[in-house]
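Below is the structure I would like to discuss, written out as C-alpha cells.
Note that these values count all heavy atoms, side chains included, but never hydrogens, waters or copies made by symmetry. What you see is a predicted model; the values in this text were computed from it and never measured.
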Amino acid sequence: MAGATIGERPGTLRDALRDVRDQTAGYSGIWSWITTVDHKRIGIMYGVTAFVFFLAGGIEALVIRLQLATPNGGVVNADQFNQLFTMHGTTMIFLVVMPLSAAFFNLLVPLMIGARDVAFPRLNAFSYWVFLGAGIFMNVSFFTGGNIFQGELGAPGAGWFGYAPLTLNQFSPGHGIDYWAFGLLILGIASMASGFNFIVTIINMRAPGMTFFRMPLFIWMTLVTSFLIIFAMPIITVALFQVLADRLFGANFFNAELGGTPLLWQHMFWLFGHPEVYILILPAMGIVSEVFATFARKPLFGYPFVVFSGVAIGLMSWGVWAHHMYTTGLGSVANSAFGFTTLLIAIPTGIKIFNWIATLWGGSISLKTPLLFAVGFLAMFVIGGLTGVMHSMVPSDYQQQDTYFVVAHLHQVLLGGALFGLFSGVYYWFPKFTGRLLNEKWGQLHFWLMFIGFNVTFQPMMISGMLGMPRRISTYSEGLGWEFWNMLSTVGAFLIAVSVLVFMYNVVISLRSKERAGDDPWDGRTLEWAIPSPPPVYNFAEIPQVKELDDFWHTKYVENEQGQLVRVVAGAAEQAEEAEDDAHHDIHMPSPSYFPIIVASGFPFIAFGFMYDFALLPVGAVVMLVGLYGWALEPATE
Amino acid sequence: MAALLLLALAVLFVGCSAFGGDQNTFAPEGDVAKKQLEVFYWALWPAVVVLILVTGALLYAVIRFRRRSDDDPIPKQVHGNFRLEIAWTIAPTIVLLALAVPMIAAIIDLGGDPDADALHVNVTAQQFSWLFEYPSLTDAEGTPLRAKVDELLIPVDREIVVHLESVDVNHSFWVPKLFGKLDAIPGRTNDLKFNATSPGTFSGQCAEFCGIGHANMKFTIIALEEPEFQVWCEEQLALEPGAPVCQR
Amino acid sequence: MVDLALVVLSLTDWLENPAYVLGVPLVVLGVIGLLFVLAPAEITWSLPPGPAADAARARMDAAWAPTDIAAHEGHPSPSQYIAIGLILGVVTAAEVAVYYVDALEGALLGILMVLSAMKFILVAAWFMHLRFDNRLFSILFTSGVVLAVLLFIVVLSTLGASLA
Amino acid sequence: MQHAPAAELQTTTGMDHRKLLMWLFLGSECLFFGSLIATYLLYRNKTEEIGIGPIPSDLYDIPFTSVSSFVLLMSSVTMVLALAAIQRGDRRGTQAWLLATALLGMSFLAGQAFEFTEFYRQGLSLDTNLFGTTFYVLTGFHGAHVSIGVLILLSLFVMTLRGRLTPANSINVELIGLYWHFVDVVWIVIFTLIYLVQT
C-alpha cells in the first residue's frame, strides 16, 4: 500500500507537516470535492445533502398538514397525499436522520479517537456518493407519473414500511414502488459500507492509550449503531429483493393465492425496522452525552453504565420487533412475550436518562444553544419513551396502533429526540469545522421556535389519536372532534418551518461573520478540541497519547493544593510539544480518488435497467467493474 | 416549558372523555374497549408520575446549577455513584414488572375462548368496503344471512366473534368505542371477540393503510336490543316469527 | 453428409442447454489456463530477451523468495488441509448415504443437522483459521450466525412453520 | 500496493483493517442468507398444499447435486492450499491452486446452470409456485456469490502473472479465501436443509 507517502525520506515533524500542506494545497474547486477522501469534507457533504433532503421532506410534511388542517381538505387528492406521506417518512428516516448521523460519524470519529482518517477513506467517499445517488434516484420518481404540473406524481405511495401486498403490481401499478425499493436497496449499500468502515476505524485506529473505556460516549454509540446497521440491513435487503422479484419477475413471495405469507414482509421489515429505530436515536444520544458533559463542566455521570445501557439497548433491539405487529393476530403467547421484552427495553433507556440528569446535577451549566437543544432532546425523549411504554402495553396498543397517537410517539422520538440531538450537535461542533460560532441570539430563537412548534404540532396528535383518528387518512369528515387538534398541529408545523428558516439564516450570517471561534470555544473535553478549527487535513500533527477518559480536559486542568481544579497556564502544553520533536515523522495521507464516484454511479443504471430496459444493465455493470478494477489497482493508502 | 407540558397533559387527561366524537376511545361502550381503556390508564398514571419527576428534576438541575458568570469555579468532578446506578436500575425494573403482570393477564383475558352462545360473524375486508356474513343465521335453503355492506347489526350484551379475512391487501377492523383493532391480512383468518353493552350506532374505519380509498373505508356497527335483532334477522331471512335460527 | 447433419443437430441440441453454453467455454478457459500455469512461462514473456527481461525476472524472484508467513501465523500445513478436505468429503458422502437409507428416516433431520454442523465447523475453524486467529473474528462471525438462527426460529414459529 | 505489510499492521489491535472488514462483512452476510433460507423453510410445505406445479421431490437429483456440492467443498481445499502456497513463497503453487479453485467454482456454476435449465424444462420457473420462487432466488443468490468469487480468483490469478500479487500482499489471497470458504459453508447449509431435508 504505497500511496501518497509524503516526503521522500522520513524527517522531522515540521518537514512532514510541510510536505502534507504542499501536497494538499492544490485540493480546491469542485473536482477536489468530487475526488475527496477526507473524512471532514465527506462529513460536510453528508450534512449539507441531508439538510437539503430535510427541506424536501419538510415541505412534504407542510403540504400534508395543510391538507389535514380542516375536515374534507382539498389541497391534494388521495393519491398525491399517499405519495407525500410515503416520501416524507422515507426521506426523513433514510435521507435525513441516518445521513445526518453519518455526517457526525464522519466528522468526529477520527478526531475523537485521535486518528488521521477513517480506516477506508475511499470506501467512505463511496458511501456518500451512493447515498447521494440513491436520494436523487428516489426523488426522481415524483417526475415519472406524467405531467407533474397537473399534479400527476409518480412517487411511491404505500407508506414508508410498504406493507405487502399493497406494494405488489396489482395494487400499486407504475414504477413508484420500484423507485422506493431500489432506492432503499442502494441506500442500504451506503449504510452498510459506512457501518463496516466505522467499526473497523473504531476498533483499529484508536490513538495509543485509548482503550475502549476511554472512548468518548459518542464513539461508543457510533460503534453500537454501526453494528446494528451491518446486522439489520441484510434483512431488509432480502425483503426488498423479494418484493422486487414479485413485482418485476412475477415471483410469488407475497402472493397469498399460491400460499405466500404477506405477513413475512412485516416480520422482515420490522426485524430491520426496530434496530433501525435505535440506529436513528443512538447517535443523538451520543451527541447529547458529550454536550451535557461539556456544558456542565462535569464528566458524564456513570460513564460505564451509560455505555452498557447503550450496548444493552442495541442487543435488546433485536428482541422486540413484533411490537409493531400486535394487531396482526400473532396470538396471546407472542404478544405477551414481545410486550414483556418491549417493557424491559425501558430499563436501559431510563438508566441513560437518569445519568444525563445526574451529569447536569451539581454542574456549572452554560445555557448556550447546544445545551438548550440537548435539554429539549431529553424532555421530548422522556415523553417519547413513556408513550413507548404505553404502546408496549398490548391491550391498550390495540386502540393506539396506527392512530395519530403512534404518529405523535414516533415524532417525539425521531424529531423531539433524534433531530433535537442532531441540532445540538450542529451548534456544538459548527465552530470546530467552520472556525466560526453560530450566532447565539438567533440560535436561541431557533430553539424556542422549534421547541414550541414541536409541542404544538405533536402533543395534540396524541389527543386526536385517542379520539380515534387513524394515521394515513387523506381526509376526514366533521363531527369526530378532530378539527381543533388538527388545526393546532398544522399551526405548529409552520412554526417548526419558521424555526428552520431561522436556522438557515443563522448559518449564513455566522459563516459571513469575521469573528473567529478559536480552537476550543466551549472548553471541550474530547480530543477534537485539542486541534485547530477548522482542523488541518492530517487532523493531528502528532498522534496524541491518551491516558484517561476526557484526556484533553485533563491536559487543561489540574488540582491545586485545595483540591480545586484550576487551568494549566496557557502555552505550557505547546512548549512541551516543541521540546521533544526529534522523533521520526512520516505522515501518510490517502490520495484523492474518483473511482468511488464511478462505482457509485453504476447503481442507478442497474436499477433503471431492471425497471425500464435490460440494456442498461450491462452499462451499469461495466461502469462498476471499471470503477472497481481501477479502485483495486490504484495505489492508495487503504 | 414545564407549564406547556403540564398544560398538554392536563388537557389530555381531563378533557378527553368530554370531547365527544364518535370514535373517542375514552368513551367505551363495550367490555373489550373498557378493558383496553383500563390498561391504558395503568400505563398512563405511572407515566405521568415519571414524567413529572424526571422533567422536574431536569428543569431543577438546569435552573439551579446554571452558570452565573464565567468565573464560576469548576464544579466537583463526580464520575458516578454505584449505589445510585443500582437504585435507578432496580426502580424502573420493579415498575415495569408491576405493569407486565397485569398486562399479560389482560392479554390472556382478551384472547380467551369465546362464549358458547356467541354470535359468529365473518367479516371480509376488500378495497374499500367491509362485507359481513352471519354463518349461523341461515334461511330455509341454508344460505347465510348477509348484512348490508359497511353496516353490521349485532345484538346488545351478547358476545360477537369476528372471523376476519381480506381478499386483497391488509386492512384493519376497528370500532374505537367497542374494541381495539385487528388486522385483516390476505391468506389468513384472524379472530376477534367483543360485545356492546348498550344499544347504539358505533362508527369504525379501516386502520391499516390500504390504498387510495383508505380514508373512506368506514363502516358502522349498530347494536340492537336482542328482540329487535331477532325481528330483523327473521325479516332478512324471510322466516316465520320465532324461528329457532334467530333465537339465542 | 448424414453424419455431418447429425453433428450439427446435436450441436443445436447443445446450444439449447445453457449449461453447456456456459460450461464448455469455462472448461476450455480453465484448460488453457492450466496449460499456461504448467508451461515454463515467465513474467518476462512480454519482454524481448535482454537486460530488461533479466531485471524483471530478478525482481520477480526476489518478490517470491521462500518465506514462512504461514508458519508464523500458526496455520496448519498443506497435508493437514488435505486431510480435513478428505474428512469433509467423507462426511458429505455419509450425508447422502443417510438420505438413501430408509431405516434412518425418522432420525434423518437430526443426523443431517449434526453432520452439516460438523462440516460447517471444520471449514470455519480450520480453513478460515478461526482456531488460530484473533478471537474477535470468531465472535463477529458467531454472532452473525447465532443472531440469524435465533431471529428466524422465532419468525418461523410465530408464522406457524416447522422443520419436521 | 507494494508496501511492506508490517506498516499496515500498525493498528490498535494488531488486526489487519481489511481482514476485520471481511469478517464483519461475513457476519452481516449470515443475516442475508439467513433471511433467504428462512423464507425457503417457511414456504417449504406450502407448494404441496396448494398443488400447483412441481414440488422438490419431483425435481431434485440428489446424486447430481451431491457431486456438485463435493466439487464446491473441494474448491475450499484448493483455496486454502493456494493461501499456503503464497505464504511460503511458492509462485507456481499459488497460480495452480488459484486457478484450480476458480475452475472448481466454475464447474459448480455449470452444474447449477444445468440444474436450473433442467428444472425449467420440467415446468418450474420463478413464477410457477412458491417452490420455484424460493428455490431460484435462494440458490441464485448463492450462485451470484460464487460467480463474484470466481471473478476475483481469476483476477488474482492474472495478477500473479503480471507480478502484481506477491507474498508481500498475500493478504489478498487470505481475504478472498475467507469469502470463498464462507460461500462454501453457506452451501453446506443449503445442501442439507434444502436438498436433503425435503418433507
Side-chain angles (χ1 to χ4, degrees), chain A residues 78-79 159 163 165-166 171 256 261-263 297-299 301-302 305 327-329 332 335-336 339-340 343 346-347 350-351 354 357 360-367 375 378-379 382 386 389-390 393-396 398-399 401-402 455 459 462-463 466-468 470 472-475 480-481 565, chain B residues 4 8 12 16 19-25 35-36 39-40 43 47 50-51 54-55 57-58 61-62 65-67 72 74-75 77-80 85 88-89 92-93 96 99-100 103-104 106-108 110-111 169-170 172 176 180-183 185-187 190 205 207-209 211-212 214-215:
Chain A
D79 186 30
Y163 276 176
L166 185 59
F171 306 113
T261 308
L263 207 47
R297 284 196 165 157
K298 271 180 69 202
F301 194 87
F305 291 90
T327 62
T328 58
S332 299
N335 274 349
S336 304
F340 185 68
L343 281 176
I347 297 170
I351 294 176
F354 298 139
I357 295 175
L360 292 172
W361 202 274
S364 164
I365 302 168
S366 158
L367 291 175
V375 171
L378 194 45
V382 170
L386 290 171
V389 170
M390 290 160 78
M393 302 288 283
V394 182
S396 91
Y398 291 148
Q399 288 284 16
Q401 169 75 353
D402 275 315
N455 281 286
Q459 313 307 0
M462 292 199 199
I463 297 165
M466 291 309 288
L467 291 178
R472 298 176 167 187
I473 51 171
S474 55
T475 177
L480 289 161
L565 284 177
Chain B
L4 202 80
L12 178 65
C16 280
F19 293 147
D22 285 347
Q23 293 182 196
N24 187 349
T25 61
K35 183 78 186 168
Q36 287 165 341
V39 177
F40 174 76
V50 173
L51 178 66
V54 171
T55 314
L58 174 66
V62 171
F65 299 108
R66 72 183 185 280
R67 197 177 301 169
D72 282 5
I74 303 292
Q77 302 288 295
V78 183
H79 285 272
E85 300 287 348
W88 62 44
T89 309
T93 312
L96 292 169
L99 283 177
M103 174 190 84
I104 290 173
I107 295 172
I108 291 166
L110 291 174
V169 301
N170 297 346
S172 197
K181 55 197 76 60
L182 186 71
D183 294 356
I185 296 169
N190 280 336
Q205 72 185 102
E208 182 63 83
F209 177 60
I212 209 157
H214 172 56

**OP:** For the pair B:Met103 and A:Leu343, evaluate side chain to side chain contact (heavy atoms under 4.5 Å, CB included) and give the outcome as yes or no after the intermediate values.
**Re:** CA-CA 10 Å; B:Met103 174 190 84; A:Leu343 281 176; 4.3 Å; yes

Subject >> side chain to side chain donor-acceptor pair (under 3.5 Å) against A:Ser336, all qualifying residues, sequence neighbours excluded >> reply: none

**OP:** Could you check which of A:Ile473, A:Ile351, A:Leu378, A:Thr327 has the highest count of heavy-atom pairs closer than 4.5 Å to chain B?
**Re:** A:Thr327

**OP:** Against chain A, work out which of B:Ile74, B:Val54, B:Leu99, B:Val62 has the most heavy-atom pairs shorter than 4.5 Å and name it.
**Re:** B:Ile74

**OP:** Just give me the residue among B:Ala57, B:Pro186, B:Gly111, B:Gly187 that pairs up with chain A most often, heavy atom to heavy atom, under 4.5 Å.
**Re:**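 Heavy-atom pair counts peak at B:Pro186.
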
Original post:
Can you tell which of A:Pro262, A:Pro299, A:Ser396, A:Gly339 has the highest number of heavy-atom pairs within less than 4.5 Å of chain B?
Top reply: A:Pro299

Original post:
If you count heavy-atom pairs under 4.5 Å between each of A:Ala256, A:Ser332, A:Ser366, A:Pro395 and chain B, which one has the most?
Top reply: A:Pro395

Original post:
Who among B:Asp72, B:Thr93, B:Leu110 has the most heavy-atom pairs with chain A under 4.5 Å?
Top reply: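 The answer is B:Thr93.
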
Original post:
Does A:Arg472 have any side-chain contact (heavy atoms from CB on, under 4.5 Å) partners at least two apart in sequence or in another chain, and if so, which?
Top reply: A:Phe85, A:Trp160, A:Phe161, B:Phe209, B:His214

**OP:** Name the member of B:Ile185, B:Val50, B:Ile108, B:Val78 that forms the most heavy-atom pairs with chain A at distances under 4.5 Å.
**Re:** B:Val78

**OP:** Heavy atoms only, distances under 4.5 angstrom: which of B:Gln23, B:Gln77, B:Arg67 has the most pairs with chain A? Name it, please.
**Re:** B:Arg67

Original post:
Within a radius of less than 6.0 Å around CZ of A:Phe340, do more than 12 heavy atoms belonging to other residues, nucleotides or ligands occur?
Top reply: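 Result for CZ/A:Phe340: open.
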
Original post:
Between A:Phe301 and B:Glu85, is a side chain to side chain contact (heavy atoms under 4.5 Å, CB included) present by the stated rule, with each step listed?
Top reply: CA-CA 10 Å; A:Phe301 194 87; B:Glu85 300 287 348; 3.7 Å; yes

**OP:** Evaluate side chain to side chain contact (heavy atoms under 4.5 Å, CB included) for A:Leu467 paired with A:Leu480, printing each intermediate quantity in order.
**Re:** CA-CA 8 Å; A:Leu467 291 178; A:Leu480 289 161; over 6 Å; no

Original post:
Going through the checks in order, is the side chain to side chain contact (heavy atoms under 4.5 Å, CB included) test met by B:Ile212 and A:Phe171?
Top reply: CA-CA 10 Å; B:Ile212 209 157; A:Phe171 306 113; over 6 Å; no

Original post:
Measuring heavy-atom distances to chain B, does A:Leu367 have an atom under 4.5 Å in its side chain, in its backbone, in both, or in neither?
Top reply: side chain

**OP:** Search all heavy atoms of A:Met390 against all heavy atoms of B:Phe40 and return the closest pair with its distance.
**Re:**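 Scanning both residues, the minimum pair turns out to be CE-CE1, 3.3 Å.
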
Subject >> Heavy-atom proximity to chain A below 4.5 Å, by part of B:Gln205 >> reply: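 Side chain only.
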
Original post:
Given the options B:Thr89, B:Ile107, B:Val39, which has more heavy-atom pairs under 4.5 Å with chain A than any of the others?
Top reply: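 Looking at each of B:Thr89, B:Ile107, B:Val39 in turn, B:Ile107 comes out on top.
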
**OP:** Give, as side chain, backbone, both or neither, the part of B:Asn190 having an atom under 4.5 angstrom from any heavy atom of chain A.
**Re:**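 Side chain of B:Asn190 only, per the 4.5 Å heavy-atom cut-off to chain A.
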
